[in-house]
Amino acid sequence: MSGPAAGRLDHVGLNVADLEAMSEWYAAALGLGTEFRFEVPEVGLRGTMLHSPHGHRMELIHRAGNGAGLQASGPLEAALTRGFGHIALDVTNVDEAYGALIGASATDRMSPRPSPDPGVRMAYVADPEGNLIELLDRTTARTSTG
């Protein structure tokens, strides 16, 4: 992509009901560190920016009075609603990552299986508030094309 809007993705923002609990969960479950916390008291907004040693960042945001949005039971249901339906992580082993997240109180939404993308394995889990996380292992696809 070129042009004035071209750039590298900086972070993903996720609105949450319980900022402290979700910050702790994402930090522990995905191995993210806390980069900084912020607050805008005049509008009741608080947030935490988390970062990965791999370079991606995730901003968790809470505003007083927020309400639940899409609570899809899986990726097919999420695809029926416009807007962001999930975050996706490229992992080295989908089965291990899936098992670790289930062990960290994530909920199964789609067990590990081949992806429609040739040579890729995938799985879906939901975080404790029901947000979907896709796990992708592109290792085989990378080695067969690279």
Side-chain angles (χ1 to χ4, degrees), residues 1-3 5-39 45-146:
M1 185 168 131
S2 62
R8 182 179 68 87
L9 180 65
D10 184 77
H11 68 273
V12 173
L14 179 64
N15 297 325
V16 297
D18 187 332
L19 181 62
E20 289 74 22
M22 294 305 289
S23 295
E24 289 175 15
W25 189 86
Y26 274 97
L30 300 182
L32 303 176
T34 299
E35 188 172 327
F36 63 91
R37 298 177 193 279
F38 63 91
E39 186 170 354
L45 180 76
R46 298 179 303 122
T48 303
M49 183 66 77
L50 302 171
H51 65 91
S52 161
H54 305 290
H56 60 272
R57 298 162 72 215
M58 183 171 199
E59 181 180 32
L60 302 180
I61 303 165
H62 174 79
R63 185 170 182 200
N66 74 9
L70 174 66
Q71 296 289 304
S73 62
L76 295 178
E77 184 180 339
L80 291 173
T81 304
R82 286 183 294 258
F84 293 103
H86 65 276
I87 62 168
L89 301 172
D90 187 4
V91 298
T92 56
N93 184 308
V94 164
D95 297 278
E96 287 179 10
Y98 172 85
L101 289 174
I102 294 297
S105 75
T107 306
D108 169 62
R109 292 295 187 252
M110 181 186 285
S111 62
R113 64 191 64 197
S115 166
D117 191 356
V120 177
R121 283 186 49 78
M122 65 184 281
Y124 277 85
V125 298
D127 73 16
E129 289 191 4
N131 301 296
L132 295 178
I133 302 169
E134 181 180 13
L135 304 169
L136 296 163
D137 178 355
R138 298 182 180 282
T139 307
T140 303
R142 273 193 292 267
T143 57
S144 65
T145 61

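The distance from atom CG of Leu132 to atom CD of Gln71, rounded to the nearest 0.5 Å, is 9.0 Å. To the nearest 0.5 Å, atoms CG (Asp137) and CG (Leu89) are separated by 12.5 Å. Between atom CZ of residue Arg109 and atom CD1 of residue Ile133 there is a gap of 11.0 Å, rounded to the nearest 0.5 Å. Atom-to-atom distance recorded for Leu32:CG and Glu24:CD is 13.5 Å, nearest 0.5 angstrom. The line from CE of Met110 to OG of Ser115 is 9.5 Å long, rounded to the nearest 0.5 Å. Note that OG of Ser23 and CE of Met49 are 11.5 Å apart. Values are rounded to the nearest 0.5 Å.
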Side-chain donor-acceptor distances from residues 9-16 under 3.5 Å, at least two apart:
residue: Asp10; atom: OD1; partner: Arg57; partner atom: NH1; Å: 3.0
residue: Asp10; atom: OD2; partner: Arg57; partner atom: NH1; Å: 2.5
residue: His11; atom: NE2; partner: Glu59; partner atom: OE1; Å: 3.0

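Residues Pro114 and Arg121 have side chains in contact (heavy-atom distance under 4.5 Å, counting atoms from C-beta outward). In this structure, Arg138 and Asp117 have side chains that are in contact, with non-hydrogen atoms separated by less than 4.5 Å. Leu101 places a side-chain heavy atom less than 4.5 Å from the side chain of Leu30.
The main-chain N or O of Gly130 is found under 3.5 Å from a side-chain atom of Asp127 such that the two form a donor-acceptor pair. At distances below 3.5 Å, not a single donor-acceptor pair connects side-chain atoms of Glu134 with backbone N or O atoms of Val125.
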Can you list the steps and then say if Phe38 with Arg46 is a side chain to side chain contact (heavy atoms under 4.5 Å, CB included)? CA-CA 6 Å; Phe38 63 91; Arg46 298 179 303 122; over 6 Å; no
Test side chain to side chain contact (heavy atoms under 4.5 Å, CB included) on Val94 and Leu136; report intermediate values, then the result. CA-CA 6 Å; Val94 164; Leu136 296 163; 5.6 Å; no
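For the side-chain contact (heavy atoms from CB on, under 4.5 Å) test, residues two or more places apart in sequence or in another chain that qualify with Ala104 are Trp25, Ala29. Legend: residues meeting side-chain contact (heavy atoms from CB on, under 4.5 Å) with Ala97, ordered by chain and number and at least two apart, are Val91, Leu135. By the ring-ring contact (aromatic ring centres under 6.0 Å, His included) test, His51 is found to be paired with no residue, residues two or more places apart in sequence or in another chain being considered.
The two atoms that bring Pro128 and Ser105 nearest to each other are CG-OG, 3.9 Å, heavy atoms only. Closest heavy-atom contact between Asp95 and Asn93: N-OD1, 3.0 Å.
A side-chain donor-acceptor contact under 3.5 Å links Arg113 and Ser111.
Identified under the ring pair (Phe, Tyr, Trp, His ring centres under 6.0 Å) test for residues 52-72, with sequence neighbours left out: none. Pairs of residues two or more places apart, or lying in two chains, that qualify as ring pair (Phe, Tyr, Trp, His ring centres under 6.0 Å) and include a residue from residues 85-123 are His86-Tyr124.
Under 4.0 Å is where a charged nitrogen must lie from a carboxylate oxygen, and between Arg37 and Glu20 no such pair does.
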